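Lettering of chains follows the sequences in order, A, B, ..., and the numbering in each one begins at 1. Computed over heavy atoms, backbone and side chain alike; hydrogens, waters and symmetry mates excluded. These numbers come from a predicted model, not from an experiment.
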2 protein chains.
Amino acid sequence: MPAGEDPLMTAAGRTPAPTLELVAARAGVSRATVSRVVNGSTSVSPPIAEAVRRAVQELGYVPNRAARSLVSQQSQAIALVAPEDVNRFFGDLFFAEIVAGIDARLEASDYVLNLMIANHDPSGKTMRYLGGGAVDGAIVVSHHTSDRFLRRITDSLPVVYGGRSSIAGADTYVVDVDNVEGAAVATRRLIETGCRRIATIAGPLTMQSSIDRLAGWRQALDEAGVAAGPVVDGDFTLHGGANAMREILDWREPVDGVFIASDLMASGAVPVLLDRGIRVPEDVRIVGFDDTSAALRSGVELTTVRQPSRAMGWHMADILIGVLSGATDVPHELILPTELVVRDSA
Amino acid sequence: MPAGEDPLMTAAGRTPAPTLELVAARAGVSRATVSRVVNGSTSVSPPIAEAVRRAVQELGYVPNRAARSLVSQQSQAIALVAPEDVNRFFGDLFFAEIVAGIDARLEASDYVLNLMIANHDPSGKTMRYLGGGAVDGAIVVSHHTSDRFLRRITDSLPVVYGGRSSIAGADTYVVDVDNVEGAAVATRRLIETGCRRIATIAGPLTMQSSIDRLAGWRQALDEAGVAAGPVVDGDFTLHGGANAMREILDWREPVDGVFIASDLMASGAVPVLLDRGIRVPEDVRIVGFDDTSAALRSGVELTTVRQPSRAMGWHMADILIGVLSGATDVPHELILPTELVVRDSA
DNA sequence: TTGTACGCGTTATCAG
DNA sequence: CTGATAACGCGTACAA
């Protein structure tokens, strides 16, 4: 029989995947033995093991995931759930770093990552996927206070949140930075460099991180006895940042400093300034947040609060894997440090 | 018994997922009947169906995916495979559009999307995932000629490629644009607007789209009898584009036009020009490719070749779903039109 | 219309 | 060290 032709070809022209049974037959052993070899059990005589391995190789056998998962009650997959619009998610490099970090941790494990960019009210389909045993756990990032469905996934799976959440549970974990302090540090920088009319472009206030950064800004202002300038929601998007900056410039009184709660928004806001002939940092000082590469692309290199996004992703995955492997001493909250990165904008 | 407390709680504090059996018991019917109701079979008497639905509701029953997939031989999931570095993938908004398009098509289906950002030589883990029945089909984007592993996934799954591939098969499909023609149109625009020393910043020549765009550039030049300027690889990245532009500027003779094979590279290249006091389009004209929002963020609004990325994603998913549902009249190649979008850079 | 019984491909517990 | 055999949870002929 010529290679590539198989009498058992399906209508679709694809040969059915070989099963344990088939490998066993070819190697002249039982299914159990094949299973042992495949799973690296030591109690198999070398010659037999070798024969099995050859059969596996020849047939291109790959264990059926559904069958394995049915009996083991594990899928060896975890989901990254982002209740965001696709373009939102991809538009902010912060998420790329998070994913890269998760990926890095997963590489050394047997888990595979399923990225689920869900809308805020995911269809039953998504929920059934998450609740139907397709994944062993989930990492949730960028969640909003209005995301009710998270309650349900938290009830059925171990979940690690990126950013504090109002949703708690026995198997709920959080990796975050101190957003209040980070924002305060940013704002103090503005104050120390001489700013006295300080505005802020905030993220959507349906997100805890936005709320915290706003609080930090206010706190630093209060500490220094500096009056709070305008607060505008920039929606954590490029355009939102640009619009917010226009709004601030149209304020009744000019500002001389702006704390912008994400570099992406800042990279939308800075060009607005430059276009109007306003110099950064001479006329208006800017401090961003995140330290993604967007900080370097706005026309002025941004002074910003560095968030260890990649490490955050790594830890989220690490914690989840720990929990899934039954570790009991996993901390429920991990707060990573931020750091002020001084560049040209403030 | 108080709600929320269940004697069957696992050590992890999580109640085991209810099974068909359990629902059946509660509704006082057989498993088969519950299955019928869950799967929307019509042959169930209304009162019984109602009782079952209530039991499902009360127990929060969700079908076990592994079991269902084991018997049906389908996972209702498809994979989007991108053999790219995570930051590469997220850095280019082109992919965001593709994903958005796929997502849009999937929304109206029962399929769920698994995003797999694989390295070029994915671990056995990834291959086992793809080959182990975890997904019913795959969409592959951004593949390089060196990606040997694709051969294997093409052998075991229906695959739709985004961009022409050297890998063919009975169940292999392609959605693409005419890159040669698109690039030629771009280059003709440069020629028509008076450029005579025309360079190009290409993508990695391990990708078919890069090769095609380069060919189109050359073709347009030949047609017009214009000598070809320097060709520099910009690697389809922002920094690559910037470096490539520097290299071009250091060429022995100055250029007056550059066709840049992606907007992302162009948005890295344009600032290099502006920084050196070179005006766009007065001194050097630029035409990009893709028409992602990067075209609007480079300092000059880019004239570019629009690629219907979102529609491409949509069609890739549509074709795959068609194949999976047994359709036999699915075209193996779908070429979507490009369009020159004239803005300020040329 | 409803229930019974079998099989999907694995892993794991037993005997041998 | 190896081979039967019993689950795992579900869909579905087939029988009632």
Checklist entry - Looking only at side-chain N and O atoms, does B/Ser35 come under 4.0 Å of OP1 or OP2 in D/dG11? => result yes

Item to check | Nearest-Å distance for atom pair CG/P, residues B/Leu22 and D/dC8 | outcome: 13 Å

Checklist entry - For DNA chain C, whose closest nucleotide is more 5', that of A/Ala66 or that of B/Val29? => result B/Val29

Checklist entry - Rounded to whole angstroms, how far apart are CZ on B/Arg65 and C1' on D/dC8? => result 17 Å

Item to check | Among D/dC10, C/dT2, C/dT11, the one nearest B/Thr19 by side-chain distance | outcome: D/dC10

Checklist entry - Given atom CG of B/Leu59 and atom P of D/dG9, what is their separation to the nearest angstrom? => result 14 Å

Checklist entry - A/Leu20 has a side chain; which of C/dT10, D/dC10, D/dT2 sits nearest to it? => result C/dT10

Checklist entry - Atom CG in B/Leu80, atom CZ in B/Phe89: separation rounded to 0.5 Å? => result 5.0 Å

Next on the checklist: Distance check needed: C/dT13 P versus A/Arg31 CZ, whole Å only.
Outcome noted: 16 Å

Checklist outcome for this item: Out of C/dC14, C/dT1, C/dC8, minimum distance to the side chain of A/Arg36 belongs to C/dC14

Checklist entry - Atom CD1 of A/Ile153 and atom OG1 of A/Thr172: how far apart are they, to the nearest 0.5 Å? => result 9.5 Å

Item to check | Candidate nucleotides D/dG9, D/dG11, C/dG3, ranked by approach to the side chain of B/Thr33 - the nearest | outcome: C/dG3

Item to check | Rounded distance in Å - OH (B/Tyr61) to C1' (D/dG9) | outcome: 7 Å

Next on the checklist: Rounding to an integer number of Å, can you tell me how far A/Arg128 CZ sits from D/dC10 P?
Outcome noted: 14 Å

Checklist entry - Do any pairs count as a salt bridge (charged side-chain N to carboxylate O under 4.0 Å, His left out) and have a residue in residues 60-79 of chain A, sequence neighbours left out, and if so which ones? => result none

Checklist outcome for this item: Of the listed C/dG3, C/dT11, D/dG9, the closest approach to the B/Val71 side chain comes from D/dG9

Checklist entry - What nucleotide among D/dC8, C/dG3, C/dT11 has an atom nearest to a side-chain atom of A/Arg68? => result C/dT11

Item to check | B/Gln73 vs C/dG9: side-chain N/O to OP1/OP2 distance below 4.0 Å | outcome: yes

Checklist entry - When you measure from the side chain of A/Leu70, which nucleotide among D/dG9, C/dT1, D/dT12 comes out closest? => result D/dG9

Next on the checklist: Can you confirm whether more than 12 heavy atoms, excluding those of B/Arg152, are under 6.0 Å from its CZ atom?
Outcome noted: no

Checklist entry - Are A/Phe90 and B/Phe90 close enough that their ring centres sit under 6.0 Å apart? => result yes

Item to check | Between C/dT10 (P) and A/Asn64 (CG): distance, integer Å | outcome: 5 Å

Next on the checklist: So A/Ser72, base contact, sugar-phosphate only, or nothing? Heavy-atom distance under 4.0 Å.
Outcome noted: nothing

Next on the checklist: Closest approach to the side chain of A/Asn39, judged atom by atom: which nucleotide of C/dT11, D/dG9, C/dT2 is it?
Outcome noted: C/dT11

Checklist outcome for this item: Against the side chain of A/Ala32, the closest entry in C/dT4, C/dG9, D/dG3 is D/dG3

